[in-house]
Amino acid sequence: MTSSLPEAASSNAPESVAGRSEAPIVKAPTGIIGFDEITRGGLPAQRTTLIVGGPGAGKTVFALQTLVTAARKYREPGIFVAFEESSRQIIANAATFGWDLPALERERLFFLDAQLSPTTVQAGDFDIAGMLAGLQAKATEMGAKRIVFDGIDVLLTLLADAGKERREMYRLQEWLHANGLTAVITAKASENEGTATERYSFMQFMVDAVVTLHHRMHDRISLRGVRIMKYRGSGFAEGEFPMIITATGIEVATFGTSELDFDVSTERVSSGIPRLDTMLDGGYFRGAGVLISGAPGVAKTTLSGAFALAACKRGERVLYVSFDEAGNQIVRNLRSVGMDLEPYVEAGLLQFYSVRTETRSSEDHLINLKKCLSDFRAQNLVVDPLSALAKAGGHIAAVHASLRLLDHARSKGITTVCTSLVADEAINETTTTQISTIADTWIHLAYVVHGGERNRTLTIVKSRGMKHSNQVRELLLSEDGITLADVFTAGGTVLVGTARFEHEARMREQAANERNERAVRRKTAEQGEARIRAQIAALEAELESHRLAAELASSQEAESESRRTSNLSELKRLRHADVDTSEDGHRDGKRPGATSTSSTGPGSR
Amino acid sequence: MSRLVLRLYVAGDGPNSVAARTNLRRILAHCEPSTYSLEIVDCLREPIRTLQEGVLVTPTLVRLEPKPVRTIVGTLSDNTQVFEALGIEDPAKVERV
């Protein structure tokens, strides 16, 4: 420890104390997941932080964890002054966190039991000057950088006088300033008392940062919260953050980095239902958050199962989180709709994580889910139903947990399909709405009751960054899986189920009728045409015969004329008549037909 | 009555420590010097010992003998309480500070 002496000596030097106020705030990390995020780096270094909370709020664990982190990660020696519990109790209680306090105690941590024995008699005024002198010597000896005063309220109660309390707190403050230690002081305050009392308002004024811890019961689930009330010279995330005590210490649930800069993928992954992929213009985006909402029994699980199966078929790992339903139950149920997940469970591609909702707070669930995701290196996540988290104590906490789960998955590129129970058909329930704001794709399944039956419909409420169908589809479950069918609207009513079937049948019938009618009409027309053609043929035949008859007649006439002419010539020759006479008679012939015929007749011969 | 062994822890010349020393001397004035021994430890001078001996506040008066060990904290201004705790007979005529 001698090697650290010079450091401690330098931090005690008055120059460094004087210079502190002008230097920018240096932060001392606490190692508490999330807390360093909301404080933007941790506690104010070489300054004092007050932690106020009710009994069991986690003050001691919080304070001890800051000390352990410093000792383990930064090799900074620290002192723990225990006013309330004995240091043995504290070390025993912290054994579950795996901090290995006994080893740290040998090297870098010093525990001071600062409890007055119950038999101690009080006779007049006293102060803590002696203890501070002792601590100063100890701090110098071990080169301590951090100090915790756990349960300062116990000490103040001994003083039993507001004026004396102030005096001793001032004494402590001066001592801390002079020693340049990063200090944490914890004080008990009941939930309703809070920090409003005169004692604490005074202390708040005195210290550089104030953190309050809360512990409430909500529906038999314990809910913890942390809030930064004040942080001199530094910005911090305001508001209360959920906090849990895990197997390794305290974790504060933040909403991730408030800047949303994830690597977004344009790669599509199948929803497991070809027609749904078509409606989504190719499927879900990889790394997207998909919300499937709907009433009980509307096939949300089946739709999730289809996604899981499709992912497994691509050879990807899927973590299937089912609340209040065992994994093998889901496997069995999905088999009835033609989805066999069993081989993928055996192949290690599909892992079920089934838990009872009520056993833990939503924060607890979240932490466990995150761990499962990273242990399994999941590429896809199904949470069925996400709304079960809301049952796990605290509506707001549940919504936050849901949001953060989706955020976490998105930041890791894990495609998430979660289902949400919507009791009533109206899709305006608050949980759903809040979750839906960060879901990238929101599919709503609903029942349509019509004609004495209940049928399932699917609608894509929204899908960011992709063209998607605005049409309502009917969801059909069969042994072969899920199919989507078109739905019809008739008179303003959506037709599904039997009504759709009837409508389809009617449409088919109507089409058939029309087809028949057309065939008949065509036949009739063809027949008409044939009839006319036949008539035309008959008439043509008749025409031909008439023409032939006419030709025959005219040729006969020409023949008879020529015969008659030759007869007449013969007669003239025989009678020795004048040739001219015969020519005149030919010229003045009264019968035109005969004349023309006679004129051509001799020529053709 | 067996011999008294006392130890008083003080923090330098702080007001409470000065008052405690004065009050204790007055109280012991009623006792025969041979019946008691008193050690005064200044925490500012022996800080590590202070921690080791579990002294939380100053002033602290410890009766080491006779057993059991008794601890009295404060300026010892309340004589009745101090006499009772130390097991000394209250002379009743001791002036109050």
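Letters A, B, ... are given to chains in the order of the sequence lines, protein chains preceding strands, and every chain is numbered from 1. All figures in this text were calculated on a predicted structure; none of them were measured in a lab.
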query = So, for A:Gly124 and B:Ser77, which heavy atoms are closest and what is the spacing to 0.1 Å?
reply = CA-OG, 3.6 Å

message = If I compare all heavy atoms of B:Cys43 with all of A:Ala133, which pair ends up nearest, and what's the gap?
response = O-CB, 3.8 Å

Engaged part of B:Val73 at the chain A interface, taking heavy atoms whose separation is under 4.5 Å = both

task = Taking all heavy atoms of B:Val82 and all of A:Ala123, pick out the closest pair and write down the distance.
result = CG2-CB, 3.9 Å

task = Might you point out which heavy atoms bring B:Asn16 and A:Arg167 nearest each other, and give the distance in Å?
result = ND2-NH2, 3.8 Å

query = Taking all atoms of both residues into account, what is the closest heavy-atom pair of A:Ala129 and B:Ala11, and its distance?
reply = CB-CB, 3.6 Å

task = Please say whether more than 12 non-hydrogen atoms of neighbouring residues, nucleotides or ligands are located less than 6.0 Å from CZ in B:Arg45.
result = no

inquiry  = Out of A:Leu132, A:Asp113, A:Asp127, return the one with the most heavy atom pairs under 4.5 angstrom to chain B.
reply    = A:Asp127

message = With chain A as the partner, which of B:Val10, B:Leu61, B:Val62, B:Val57 has the greatest number of non-hydrogen pairs under 4.5 Å?
response = B:Val57

Part of A:Ile128 within contact of chain B (heavy atom distance under 4.5 Å) = both

inquiry  = Could you measure the distance from the CD1 atom of A:Ile79 to the CG atom of B:Leu51? Nearest 0.5 Å is fine.
reply    = 8.0 Å

key: Among A:Thr119, A:Thr120, A:Val121, the one residue meeting side chain to side chain contact (heavy atoms under 4.5 Å, CB included) with B:Thr71   = A:Thr120

remark   = Counting heavy-atom pairs under 4.5 Å with chain B, the top scorer among A:Gln115, A:Glu168, A:Gln122 is A:Gln122

Closest contact, heavy atoms only, A:Gly134 versus B:Ile48 = O-CD1, 4.5 Å

request  = Identify which of B:Leu76, B:Thr50, B:Ile72 forms the greatest number of heavy-atom pairs closer than 4.5 Å to chain A.
outcome  = B:Ile72

